[in-house]
Amino acid sequence: QQSTVNPAAPLAENTVSPPSVNGASLPSPQNEDTVSKQVQEYLEHTSPPTSVALGQNGEYPGLEIDAAEVLENLHTTLESSWRIFQEAKTSGYDWKISKLMILAGEYDVEATKATVDSLIHSAGCVMFVSNSSPACKQAMKAMGIAGADVKYVTLDNPLHAELAKKVGRTAVPAVFIGGNYVGGFDEEVSEQTPGIFYLAFQGKLRPMLEQAGALR
């Protein structure tokens with residue numbers, strides 16, 4: 001027997017609203033303990049209805065959705081995201097990398113890791129980029145001025161997650177010269193990874209590109 005639930009009705013007192021996973025903001029690191037309790041309570045105690053009637057006020061008479069299927073998918077997604085978050089936390093990844101891993105979802109980790117390693121060594125200079133990043137556009141322009149022969153790789157979420165795990169940061173661009181990570185554009189992470197702006201300013205960028213065979 002199907003039950004009909006008014007979606008406008010208030011939540012029961014023992015129901016915990018789950019944090020949004022897809023497309024919405026994820027919890028901040030400061031709320032990890034609270035989120036842990038909320039997610040666990042949600043997964044343990046939520047009992048989804050079988051259907052939801054959308055014609056309560058006459059707008060869509062007779063129209064129903066399969067609430068059981070919708071909530072089962074939500075439940076599965078939340079379980080998967082929570083498991084990934086716990087694995088990321090156990091592995092010692094920071095919040096930014098953990099969030100990226102959650103967004104990447106389920107994928108073949110070993111195969112994706114191998115793809116990243118292969119791409120890094122596929123050319124003398126490889127730059128991993130995002131089309132929406134202003135820093136990537138600046139870096140691409142700077143490499144053009146330097147006369148660099150660059151292989152550009154646009155990241156999807158799984159590639160980005162494995163790359164971030166490898167270099168220890170999520171920021172793009174991520175530039176490799178001769179298979180070595182040199183940083184991004186103008187964010188100096190360390191002396192070994194100062195970014196191409198500072199390498200150019202120090203007169204080191206073109207010699208590195210030349211040694212790697214990555215000058216036009």
Side-chain angles (χ1 to χ4, degrees), residues 21-26 28-29 81 84-85 87-89 91-216:
V21 174
N22 293 324
S25 59
L26 290 164
S28 63
S81 298
I84 293 170
F85 174 72
E87 290 175 356
K89 187 176 179 181
S91 298
Y93 295 118
D94 66 21
W95 172 243
K96 289 184 178 180
I97 295 178
S98 300
K99 180 178 178 181
L100 189 55
M101 291 169 63
I102 293 170
L103 292 174
E106 302 285 350
Y107 62 92
D108 189 328
V109 173
E110 292 303 319
T112 306
K113 186 186 301 183
T115 299
V116 170
D117 289 338
S118 176
L119 286 168
I120 287 172
H121 295 92
S122 64
C125 180
V126 179
M127 184 185 299
F128 293 89
V129 300
S130 167
N131 290 331
S132 61
S133 166
C136 289
K137 295 176 182 177
Q138 289 178 303
M140 293 167 74
K141 182 178 180 180
M143 285 301 219
I145 294 172
D149 185 9
V150 183
K151 178 174 181 176
Y152 298 102
V153 179
T154 301
L155 292 167
D156 59 19
N157 283 337
L159 281 176
H160 198 173
E162 287 308 309
L163 178 65
K165 287 158 67 175
K166 183 178 185 67
V167 302
R169 60 198 304 262
T170 61
V172 288
V175 184
F176 291 80
I177 300 177
N180 298 311
Y181 178 58
V182 299
F185 177 51
D186 60 354
E187 295 182 12
E188 186 175 8
V189 181
S190 68
E191 291 184 4
Q192 290 74 33
T193 57
I196 61 173
F197 178 84
Y198 290 103
L199 286 174
F201 188 77
Q202 295 165 0
K204 297 178 180 179
L205 180 59
R206 282 184 61 86
M208 290 178 68
L209 291 168
E210 184 176 13
Q211 184 176 3
L215 279 179
R216 294 196 188 95

Handout entry: Sequence neighbours excluded - ring pair (Phe, Tyr, Trp, His ring centres under 6.0 Å) pairs with any residue from residues 133-173
Key = none
Problem - CD1 on Ile196 to CE on Met140, rounded to 0.5 Å - result: 10.5 Å
Handout entry: Residues which pass ring-ring contact (aromatic ring centres under 6.0 Å, His included) with Phe176, listed by chain and number, not counting sequence neighbours
Key = Phe128, Tyr181
Fill in the blank from the handout: Value for NE2 (His121) from CG (Asn180), rounded to nearest 0.5 Å, stands at 7.5 Å
Practice task
Rounded to the nearest 0.5 Å, what's the gap from OG on Ser91 to CD1 on Ile97? Could you check?
Solution key: 10.5 Å
Practice task
With sequence neighbours excluded, give me every salt bridge (Lys or Arg N to Asp or Glu O under 4.0 Å) pair touching residues 148-160.
Solution key: none
Donor-acceptor pairs are to be reported for all side-chain atoms of residues 205-216 against protein atoms at under 3.5 Å, with residues two or more places apart or in another chain.
unit_1: Arg206; atom_1: NH1; unit_2: Ala146; atom_2: O; d: 2.5
unit_1: Arg216; atom_1: NH1; unit_2: Ala148; atom_2: O; d: 3.4
unit_1: Arg216; atom_1: NH2; unit_2: Ala148; atom_2: O; d: 3.2

Exercise for the section: Please collect all salt bridge (Lys or Arg N to Asp or Glu O under 4.0 Å) contacts where either partner lies in residues 167-180, sequence neighbours excluded, each pair once. Expected result: Arg169-Glu187
Between side-chain atoms of residues 109-117 and protein atoms elsewhere (two or more places apart, or another chain), which donor-acceptor pairs fall under 3.5 Å?
unit_1: Thr112; atom_1: OG1; unit_2: Asp108; atom_2: O; d: 2.7
unit_1: Thr115; atom_1: OG1; unit_2: Ala111; atom_2: O; d: 3.0
unit_1: Asp117; atom_1: OD1; unit_2: Lys166; atom_2: NZ; d: 3.1

Fill in the blank from the handout: side chain to side chain contact (heavy atoms under 4.5 Å, CB included) filter on Phe197, not counting sequence neighbours, yields Phe185, Asp186
Practice task
Output all residues satisfying side chain to side chain contact (heavy atoms under 4.5 Å, CB included) with Gln202, sequence neighbours left out; order by chain, then residue number.
Solution key: Tyr198, Leu199, Lys204
Handout entry: Over 12 non-hydrogen atoms of neighbours within 6.0 angstrom of OH in Tyr107
Key = yes
Practice task
Any pair with a residue in residues 127-145 that passes side-chain hydrogen bond (donor to acceptor under 3.5 Å, both in side chains), sequence neighbours left out, goes on the list, sorted by first then second residue, please.
Solution key: Ser130-Ser132
Handout entry: With sequence neighbours excluded, residues passing side chain to side chain contact (heavy atoms under 4.5 Å, CB included) with Glu87
Key = Arg83
Handout entry: Sequence-distant partners of Asn157, side chain to side chain contact (heavy atoms under 4.5 Å, CB included), two or more places apart
Key = Leu100, Leu103, Ala104
